[in-house]
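In what follows, chains are A, B, ... by sequence order, proteins preceding strands, each numbered from 1.
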Amino acid sequence: MKQNKTKILSILSQLYPNPTTELEFETPFQLLIATILSAQCTDKVVNRITSVFFCDHPDVYSMSSLTEEQIAGYIKSAGLWKTKAKHIKMVCEILINEHHGLVPQTREELENLPGVGRKTANVVLANAFSIPAIAVDTHVQRVANRLGLAQSKTPLRTEKQLMELIPKHQWSDAHHWLILHGRRVCRAQRPLCDQCPLLPYCPQNGLKSN
DNA sequence: AACTCGGGGCA
DNA sequence: TGCCCAGAGTT
């Protein structure tokens, strides 16, 4: 069992040797805003929005000069834009008033920002500040459970099980492995099992022993 | 734990 | 058209 999981992680690390998300930005602030925008929304849409939004308003002080309606104008092609515009406006004000215009570097402070939950906080910690964290989104949740790396219905428990299984220095990488594999192969619908290098080790495919 | 928010992408 | 999507907040 344990052997199997180790083998799966080893193969994943070879499949995705230099894992990066498509959401990479110049500053922690831009990453934070982009990640807030990405909730229930594809990265294509987020990238299209931020390429214009961040060009006009690259930092927290510039963005905080906008009204909620002006922010909404930039992000209207994202779902949930009304709520997100409100959250982004509030986040800018909180960062300036309570964090000297900087993005905080603790999970507690990040999760206190409106629109920032466990997943977004972990993304920022890992990708902006190189603080080890495993952000569990729907891809990670699905793939980790299919592969038997976790047995959990809730993201938080999945995160804890993965942290227990995986060495800390690989946490951020593992997050990317599972996301990339979830998008390219282990898709939600009609997964490409016949193309999956993990097939021999996947509990879903009836491997009984080893 | 279940429900709501929401427009875009894709078959 | 219909179905799903790199979640968070509220009840």
Checklist entry - For atom P, what is the distance between dT11(C) and dG6(B), given to the nearest Å? => result 16 Å

Please tabulate the protein-to-nucleotide N/O contacts below 3.5 Å involving nucleotides 9-11 of chain C, giving atom names and distances.
from: dG9(C); atom 1: OP1; to: Gly115(A); atom 2: N; distance (Å): 2.7

Next on the checklist: Please list all pairs meeting salt bridge (Lys or Arg N to Asp or Glu O under 4.0 Å) that have one or both residues in residues 82-99 of chain A, counting only residues at least two apart or in different chains.
Outcome noted: Lys89(A)-Glu93(A)

Checklist outcome for this item: Ile49(A) atom CD1 is separated from dC5(C) atom P, nearest whole Å, by 19 Å

Item to check | Residue pairs fulfilling ring pair (Phe, Tyr, Trp, His ring centres under 6.0 Å) with at least one residue in residues 119-169 of chain A, sequence neighbours excluded | outcome: none

Item to check | Any Thr120(A) side-chain N or O less than 4.0 Å from OP1/OP2 of dA8(C) | outcome: yes

Next on the checklist: Quick test of your reading: applying salt bridge (Lys or Arg N to Asp or Glu O under 4.0 Å), list the pairs with at least one residue in residues 129-147 of chain A, sequence neighbours left out, ordered by first then second residue.
Outcome noted: none

Next on the checklist: Going by ring pair (Phe, Tyr, Trp, His ring centres under 6.0 Å), name the pairs with one or both residues in residues 57-96 of chain A, residues two or more places apart or in two chains.
Outcome noted: Phe53(A)-Tyr74(A), His57(A)-Tyr74(A)

Next on the checklist: Can you confirm whether Ser38(A) sits close enough to Thr35(A) that some side-chain heavy atom of one is under 4.5 Å from a side-chain heavy atom of the other?
Outcome noted: yes

Next on the checklist: With heavy-atom distances below 4.5 Å as the criterion, would you say the side chains of Val143(A) and Leu149(A) are in contact?
Outcome noted: no

Next on the checklist: What's the closest nucleotide to the side chain of Arg183(A) if the choices are dG7(C), dC5(C), dA6(C)?
Outcome noted: dA6(C)

Next on the checklist: Output the rounded distance in Å from CD1 (Ile179(A)) to P (dG7(C)).
Outcome noted: 8 Å

Next on the checklist: When the P atoms of dA6(C) and dA11(B) are compared, how many Å lie between them, rounded to an integer?
Outcome noted: 14 Å

Next on the checklist: I'd like to check the side chain to side chain contact (heavy atoms under 4.5 Å, CB included) partners of Lys168(A); sequence neighbours left out, ordered by chain and number.
Outcome noted: Pro132(A), Trp171(A)

Item to check | Note, Asn127(A) side chain near His176(A) side chain (heavy atom, < 4.5 Å) | outcome: yes

Checklist entry - Heavy-atom distance under 4.5 Å between the side chains of Arg48(A) and Ser77(A), does that happen here? => result yes

Next on the checklist: Using side-chain heavy atoms (C-beta onward) and a distance below 4.5 Å, is Leu32(A) in contact with Val123(A)?
Outcome noted: no

Item to check | Protein-to-nucleotide contact annotation, 5' to 3' order, nucleotides 2-11 of chain B [B base; S sugar-phosphate only; - none; under 4.0 Å, heavy atom] | outcome: ---BBSSSS-

Checklist entry - Is there a residue in residues 154-164 of chain A whose heavy atoms reach under 4.0 Å of DNA chain C, and which residues are they? => result none

Checklist entry - Taking only residues two or more places apart in sequence, or in another chain, which ones meet Glu109(A) in a salt bridge (Lys or Arg N to Asp or Glu O under 4.0 Å)? => result none

Item to check | Non-hydrogen side-chain atoms of Thr120(A) and Leu110(A) separated by less than 4.5 Å | outcome: no

Checklist entry - Contacts to DNA chain C from residues 133-140 of chain A, heavy-atom cutoff under 4.0 Å, which residues? => result Asp137(A), Thr138(A), His139(A)

Item to check | Value in whole Å for how far the P atom of dG7(C) lies from CG of Leu32(A) | outcome: 16 Å

Checklist entry - Expressed in angstrom and rounded to an integer, what is the separation of Asn122(A) atom CG from dG7(C) atom P? => result 14 Å

Checklist outcome for this item: Taken in chain and number order and not counting sequence neighbours, the residues that satisfy side chain to side chain donor-acceptor pair (under 3.5 Å) with Ser152(A) are Thr158(A)

Item to check | Residue pairs passing the salt bridge (Lys or Arg N to Asp or Glu O under 4.0 Å) test where at least one lies in residues 113-123 of chain A, sequence neighbours excluded | outcome: Arg118(A)-Glu159(A)

Item to check | Spacing between Leu31(A) atom CG and dA6(C) atom C1', to the nearest angstrom | outcome: 12 Å

